[in-house]
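Working notes, beginning with the structure itself.
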Protein chains: 2
Amino acid sequence: MQMKTGVEQSVYAILILNMLPNRAILPGEAISQQLGTSPTYFQKLLRKLVSADLITSVTGVKGGFKLKRKPEEIRVYDVYLAIEGQQSLYSPSGILDDMLDLEKEDECCLLTDLMDEAESTWKTVLERETIKSLYEESTNRFPEKMEGLKEWVRERMVL
Amino acid sequence: MQMKTGVEQSVYAILILNMLPNRAILPGEAISQQLGTSPTYFQKLLRKLVSADLITSVTGVKGGFKLKRKPEEIRVYDVYLAIEGQQSLYSPSGILDDMLDLEKEDECCLLTDLMDEAESTWKTVLERETIKSLYEESTNRFPEKMEGLKEWVRERMVL
DNA sequence: GTACTTTTACTCGGATACCGTCTGTCCGAGTAATTATGG
DNA sequence: CCATAATTACTCGGACAGACGGTATCCGAGTAAAAGTAC
């Protein structure tokens with residue numbers, strides 16, 4: 001039970017896209033280069049983020065990606081959902097129903113309520129943090145390093 | 001990112017072992033039969049529960065398993081730990097360190113704090129519920145069915 | 001009837017195979033800006 | 001100089017290969033109760 005590595009990559013990718021000036025765009029390969037991940041696989045992650053309406057894509061020459069929402073409206077949980085999907089961490093298998101020989105309408109899983117609640121509190125924490133808050137935190141901790149990254153973005157962006 | 005099915009099986013297995021009278025023992029195969037799972041794989045789960053000090057085993061003829069602790073001292077989280085292991089759900093990959101070109105002592109992951117906190121609250125919920133509380137809940141909801149199961153256990157137990 | 005041996009029914013733990021999912025690669029198609037070409 | 005065609009640099013989405021972990025099976029070894037055997 002481990003979170004996919006794609007979630008972390010996606011968060012940082014969005015953090016980079018957040019450095020773009022208005023209407024500017026960054027090609028996917030530039031981002032994957034900065035992240036140091038495999039370009040082809042990273043493209044698949046980007047498409048998931050597009051499907052989830054977190055970023056927009058522009059096709060053709062001078063194409064690329066940019067944020068679709070304001071950074072304060074992109075929660076870490078949104079990124080998680082986009083990459084991992086919305087299925088819950090626990091899926092009951094109905095063992096208890098067989099053991100107790102329960103009818104259809106009585107079907108139950110003692111653990112479901114508990115697990116759902118646990119996952120819900122977990123989710124709540126991930127909903128608190130947004131790209132904006134992450135961005136501010138990192139610029140506070142590493143102002144000059146982040147400025148350098150921003151500079152890099154400006155060199156690679158188009159439009 | 002899905003919880004292993006073994007966690008649910010283990011919880012129900014312990015729930016069954018909780019029906020044993022004092023000093024009685026139940027062979028692993030009887031349990032797996034009741035759960036309707038593959039006997040060989042289920043044995044591996046049982047051994048994990050033994051290693052985690054949740055249950056004790058008796059070898060030889062008339063051998064089997066029984067609870068090692070009182071049901072109120074076995075939390076769902078203990079079972080989870082025994083099966084899934086104690087590794088955290090999120091493991092940072094250090095991408096940000098490379099991006100910002102951080103030194104060793106500055107190494108950081110913006111997401112670690114958040115993820116750790118999320119997992120912590122999740123854990124807390126799983127620590128609340130114990131085998132005892134699950135057992136009481138199920139006997140309240142299905143008193144006669146649970147009594148039937150208890151009867152089955154008495155037929156299969158040894159010693 | 002007692003001491004000893006054999007059988008039996010379990011757990012223990014390793015080796016191994018299967019299978020689904022995550023990771024990663026490749027390719028053809030679509031798209032739009034840029035460049036080349038022809039009049 | 002303008003219209004059109006070809007090239008280029010991207011995204012899109014599917015097909016597919018490899019790695020890894022969870023699931024599942026098998027087997028030999030250890031253990032202790034029970035059953036069998038010898039005297």
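Numbers restart at 1 for each chain; the letters A, B, ... are given by sequence-line order, proteins then strands.
Between Ser38(B) and dT25(D), a side-chain N or O to OP1/OP2 separation shorter than 4.0 Å is present. Applying the 4.0 Å criterion to OP1 and OP2 of dC10(D), one finds that Ser57(A) has every side-chain N and O outside that range. Considering only side-chain N and O atoms, Gln43(A) lies under 4.0 angstrom from the phosphate OP1 or OP2 of dT11(D). One finds a side-chain N or O of Thr5(A) lying less than 4.0 angstrom from the OP1 or OP2 phosphate oxygen of dT23(C).
dC20(D) atom P lies 15 Å from atom OH of Tyr41(A), rounded to whole Å. If you measure from atom NZ of Lys4(B) to atom C1' of dC20(D), you get 13 Å, rounded to the nearest angstrom. Taking atom CG on Leu45(B) and atom C1' on dT11(C), their separation rounds to 15 Å, with Å as the unit. When the P atom of dC10(C) is taken as reference, atom CD of Gln33(B) falls 11 Å away, rounded to whole Å. One atom, CD1 of Ile25(B), and another, P of dT11(C), lie 9 Å apart when rounded to the nearest Å. The interatomic distance linking Leu46(B) (CG) with dC10(C) (P) rounds to 14 Å, in whole Å. Rounded to whole angstrom, the span from the CD atom of Gln2(A) across to the C1' atom of dG22(D) amounts to 14 Å. Rounded to an integer number of Å, the gap from CE of Met1(B) to C1' of dG21(D) is 15 Å.
Annotation: Gln86(A), atom CD; neighbour count of heavy atoms from other residues, nucleotides and ligands within 6.0 Å does not exceed 12. Enclosure of atom CD in Glu29(B) is not indicated, since only 12 or fewer non-hydrogen atoms of other residues, nucleotides or ligands lie within 6.0 angstrom. Applying the 6.0 Å contact sphere to NZ of Lys4(B) captures more than 12 heavy atoms from other residues, nucleotides or ligands.
Counting only N and O atoms by type, the side chains of Tyr12(A) and Gln34(A) include no donor and acceptor under 3.5 Å apart.
Pro39(B) pairs by the side-chain contact (heavy atoms from CB on, under 4.5 Å) definition with Ser32(B), not counting sequence neighbours.
Sequence order on DNA chain C of the closest nucleotides to Gly64(B) and Phe42(A) puts Gly64(B) first from the 5' end.
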When every nucleotide of nucleotides 26-35 of chain C is labelled 5' to 3' by its protein contacts under 4.0 Å (heavy atoms), B for base, S for sugar-phosphate only, - for none, what sequence of letters results?
-> -----BBBS-
When the side chains of residues 110-118 of chain A are checked against the rest of the protein, which donor-acceptor pairs come out under 3.5 Å, sequence neighbours left out?
residue, atom, partner, partner atom, Å
Glu117(A), OE1, Arg128(B), NH2, 3.0
Glu117(A), OE2, Arg128(B), NH1, 3.0
Glu117(A), OE2, Arg128(B), NH2, 3.2

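Placement of Val153(B) and Val58(B) in two distinct hydrophobic clusters is found when ILVMFWY residues are connected by side-chain heavy-atom separations under 4.5 Å, directly or transitively.
Here Glu29(B) lies out of heavy-atom contact (under 4.0 Å) with every strand.
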